[in-house]
Amino acid sequence: MALVPDCPPDLRVYTPIFDCGLGLPRQQSEHRSRLLHKIHDSYCKALERLNLRVRPGMAARFLDGGGFCLGFLDPVSNIVANTLISYRRAASAAGECDLVYVPEEKLRDLERRSLDGLVTFLTRFFPYLPDCHAIRFLLLADADLMVAFRIVALDLGMRRIGSDKPAFDDALGMAFKCAAMAAKHPNPDRLSCDWRAISSRLPDTVRLLDEVRRRSPSSSLDKLPKLLDGSPLPVHSCLCAPF
């Protein structure tokens, strides 16, 4: 692992180093490439649903911190949710309001940063998990962080994980913030708060995300941000609800 520059003094956040000395370098590189391909597929599906060309400003928000696949739903839903929240919460960045597509090089960079975030979440929560093993588990899970988490826990024989709910929630929150920082998200604290809100309203979130399709009305884009921003968090809100 390599220490992320300029991280807060109370956090030691590391970006993944994928040569962990386990397995052949060629095999490790192949696993990383295959995982990036799966992440790319998720982005293609999410972009198809978001239909950026007819929604001015969304491409800019997608690139400016909105389009990460970090989250506790499936990868496509994570991308859509993060983009919608960012899109409706902030005005389009100056000079980018006319952007109607995501340039290929910027999309590839976003995919690599998302991969770094996914790997960091697993290695931060499971501190003895090598980076290359985290990639392999994510590959088995089709880049689905929730599925990969359960595979790792099962592989390590952790049958009582989450039995201490407050400690489990704190560990998830720290791992998620570290993941956002490793992915160079512009506001890791905001992203963590958003997913705490989503996790506390999971059924409604899934229902509203399902309404967002290529030809869905513009009103469908406002419903999720309004749900999250329009009411206070439940008293016992937590990140661990999806688990």
Inset, instruction - May I ask you to decide whether E48 forms a salt bridge with K45, counting only side-chain N to carboxylate O separations under 4.0 Å? - result: no
Legend entry - Reported CG-to-CG distance for the pair L145 and L122, which is rounded to 0.5 angstrom: 5.5 Å
Legend entry - Polar side chain donor-acceptor pair, S192 to D189, under 3.5 angstrom: no
Inset, instruction - Would you give the length of the straight line joining atom CG of L84 to atom CG of L208, rounded to the nearest 0.5 angstrom? - result: 10.0 Å
Inset, instruction - May I ask you to decide whether R201 forms a salt bridge with D204, counting only side-chain N to carboxylate O separations under 4.0 Å? - result: no
Inset, instruction - Quick one: closest heavy-atom pair of A134 and V119, and the distance? - result: CB-CG1, 4.0 Å
Inset, instruction - Specify whether F72 and F176 have parallel, tilted or perpendicular ring planes, treating 30° as the upper limit for parallel and 60° as the lower limit for perpendicular. - result: tilted
Inset, instruction - Starting from the C-alpha separation in whole Å, work towards a yes-or-no answer on side chain to side chain donor-acceptor pair (under 3.5 Å) for S114 and Y43. - result: CA-CA 11 Å; S114 288; Y43 271 97; 2.8 Å; yes
Legend entry - Pair R196 + D169, salt bridge at N-O below 4.0 Å: yes
Inset, instruction - Return yes if a side-chain donor-acceptor contact under 3.5 Å exists between N82 and W195, otherwise no. - result: yes
Inset, instruction - Decide salt bridge (charged side-chain N to carboxylate O under 4.0 Å, His left out) for E30 and R26; before the verdict, give the C-alpha distance in whole Å, the side-chain angles of both, and the deciding distance to 0.1 Å. - result: CA-CA 6 Å; E30 178 189 354; R26 181 180 298 178; over 6 Å; no
Inset, instruction - Answer yes or no: is there a donor N or O on one side and an acceptor on the other, between the side chain of R113 and the main chain of A183, under 3.5 Å? - result: yes
Inset, instruction - Working to the nearest 0.5 Å, report the span between CG of L36 and CG of L115. - result: 5.0 Å
Inset, instruction - Just jot down the side-chain contact (heavy atoms from CB on, under 4.5 Å) partners of R150, sequence neighbours excluded, or say none. - result: M146
Inset, instruction - Determine yes or no for a side-chain-to-main-chain donor-acceptor pair under 3.5 angstrom, with R49 supplying the side chain and L209 the backbone. - result: yes
Inset, instruction - Please work out whether the ring planes of F121 and F125 are parallel, tilted or perpendicular, with thresholds of 30° and 60°. - result: parallel
Inset, instruction - Find out if a path of hydrophobic residues (ILVMFWY) with successive side-chain heavy-atom gaps under 4.5 Å connects L154 to L118. - result: no
Legend entry - T120 side chain near D131 side chain, heavy-atom distance below 4.5 Å: no
Legend entry - Exam field: side chain S77 to backbone L73, donor-acceptor pair closer than 3.5 Å: no
Legend entry - Within 6.0 angstrom of H37 NE2, more than 12 heavy atoms from elsewhere: no
Inset, instruction - Working to the nearest 0.5 Å, report the span between CG of L110 and SG of C69. - result: 8.0 Å
Inset, instruction - Determine whether F149 and F137 make a side-chain contact, defined as any pair of heavy atoms from C-beta on separated by less than 4.5 Å. - result: no
Legend entry - Distance in Å, R112 CZ paired with L35 CG, rounded so as to fall on 0.5 Å steps: 13.0 Å
Legend entry - Audit row: E111, R108, salt bridge (charged side-chain N to carboxylate O under 4.0 Å, His left out) steps and yes/no: CA-CA 5 Å; E111 291 165 0; R108 295 296 185 181; 3.4 Å; yes
Legend entry - Rounded distance (nearest 0.5 Å) linking atom OG1 of T83 with atom CG of L47: 8.0 Å
